[in-house]
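Being a predicted model, the structure only gives us computed values, none of them experimental. Sequential numbering from 1 along the given sequence is applied to the chain's residues.
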Amino acid sequence: MSTGQDAPTAESTRTDLPEGRYGKTRAARPSRLRRLVFLVIALLFSGTIAYVAYTNFGSAPIEGERVLFEEKPGDAMEITINVTRDDPNRAGVCVVRVRDKAGAESGRKEVLVQPGAKNSRVTTTIKGIGRPVTADIFGCSYDVPRYLSRP
């Protein structure tokens, strides 16, 4: 039973919006070129972050580990450290320190680690300004000060 009129379709029932009232219509999806450019930028950015994190937080080329410490008379403490380095042909320096009962640093010393084996053991005595209760390693580096490297 047809009345002679076609049934309304979705296109014929849609009313057009007045021009300029709601702004321009957006494209349904971004172009492939825009997505590709965004992907390349994201990969470069994340690669840069990974490189910076690796160089800053990766394994150190020279590291020190406290083996033992022993109190000595006269507000001094003896510390023994193991130094591991990736280049045994280079001299290194480790900064060791003592702490008092409150945890404050009361003495510090730079210790030269001579070139030689990949793993070296060094013992030194640190004088504190008060009675020390512990000794530890502040850090190690290949940047040896000139006054330590002179014979």
Side-chain angles (χ1 to χ4, degrees), residues 1-69 77-124 126 128-129 132-151:
M1 297 201 190
S2 173
T3 59
Q5 294 180 334
D6 292 332
T9 62
E11 289 180 12
S12 66
T13 60
R14 182 174 160 223
T15 59
D16 290 328
L17 300 175
E19 282 188 41
R21 184 168 184 178
Y22 297 105
K24 296 181 181 179
T25 57
R26 270 191 338 188
R29 55 185 251 221
S31 68
R32 279 188 173 192
L33 180 62
R34 184 181 291 175
R35 281 190 285 163
L36 182 63
V37 167
F38 178 74
L39 179 67
V40 168
I41 290 171
L43 287 175
L44 287 175
F45 182 72
S46 54
T48 302
I49 288 176
Y51 174 75
V52 169
Y54 175 75
T55 57
N56 289 329
F57 301 118
S59 63
I62 182 169
E63 294 178 332
E65 177 185 11
R66 179 182 69 186
V67 177
L68 62 95
F69 60 94
M77 189 162 281
E78 184 179 84
I79 183 171
T80 302
I81 60 173
N82 279 340
V83 180
T84 305
R85 51 193 160 178
D86 62 352
D87 186 0
N89 297 322
R90 292 176 63 187
V93 63
C94 289
V95 178
V96 292
R97 62 186 178 176
V98 292
R99 295 178 181 236
D100 63 10
K101 188 175 183 181
E105 183 178 293
S106 61
R108 175 183 281 226
K109 186 175 184 180
E110 294 174 328
V111 179
L112 179 66
V113 182
Q114 296 288 347
K118 183 175 180 158
N119 297 315
S120 303
R121 183 168 279 197
V122 180
T123 301
T124 189
I126 310 164
I129 57 173
V133 295
T134 188
D136 60 359
I137 301 172
F138 185 73
C140 296
S141 171
Y142 282 124
D143 298 327
V144 179
R146 182 177 287 159
Y147 65 87
L148 277 180
S149 60
R150 289 187 192 145

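Listed here is the closest heavy atom pair of Gly128 and Val98: CA-CG2, 4.1 Å. Summarising the geometry of Cys94 relative to Val83, their closest heavy-atom pair is SG-CG2, 3.8 Å, with the distance given to 0.1 Å.
Here the NZ-OG distance, from Lys101 to Ser106, works out to 13.5 Å after rounding to the nearest 0.5 Å. Rounding to the nearest 0.5 Å places CD1 of Ile49 at 11.5 Å from CG of Leu44. In this structure, Glu63 CD and Asn119 CG are separated by 11.0 Å, a value rounded to the nearest 0.5 Å. Note that CZ of Arg99 is 5.0 Å distant from CG of Asp136, once rounded to the nearest 0.5 Å. Rounding to the nearest 0.5 Å places CZ of Arg97 at 9.5 Å from OG1 of Thr134.
A search for side chain to side chain contact (heavy atoms under 4.5 Å, CB included) contacts involving Ala91 returns Leu112, Pro115, Val144, not counting sequence neighbours. With sequence neighbours left out, Leu33 forms a side chain to side chain contact (heavy atoms under 4.5 Å, CB included) with Ser31, Val37. Contacts of Glu78 classified as side chain to side chain donor-acceptor pair (under 3.5 Å), with partners at least two apart in sequence or in another chain: none. Not counting sequence neighbours, the partners of Thr80 by the side chain to side chain contact (heavy atoms under 4.5 Å, CB included) test are Val67, Leu68, Arg121, Thr123. Asp87 pairs by the side chain to side chain donor-acceptor pair (under 3.5 Å) definition with nothing, not counting sequence neighbours. For Ser120, the side chain to side chain contact (heavy atoms under 4.5 Å, CB included) test picks out Arg85, Val113, with sequence neighbours left out.
The environment of OH in Tyr142 is crowded: more than 12 heavy-atom neighbours from other residues, nucleotides or ligands sit within 6.0 Å.
For the pairing with Asp143, the side chain to side chain contact (heavy atoms under 4.5 Å, CB included) check across Cys140, Ser141, Pro145 returns one residue only, Ser141.
Using modelled atom types, no side-chain atom of Arg66 and backbone atom of Ile79 make a donor-acceptor pair closer than 3.5 Å.
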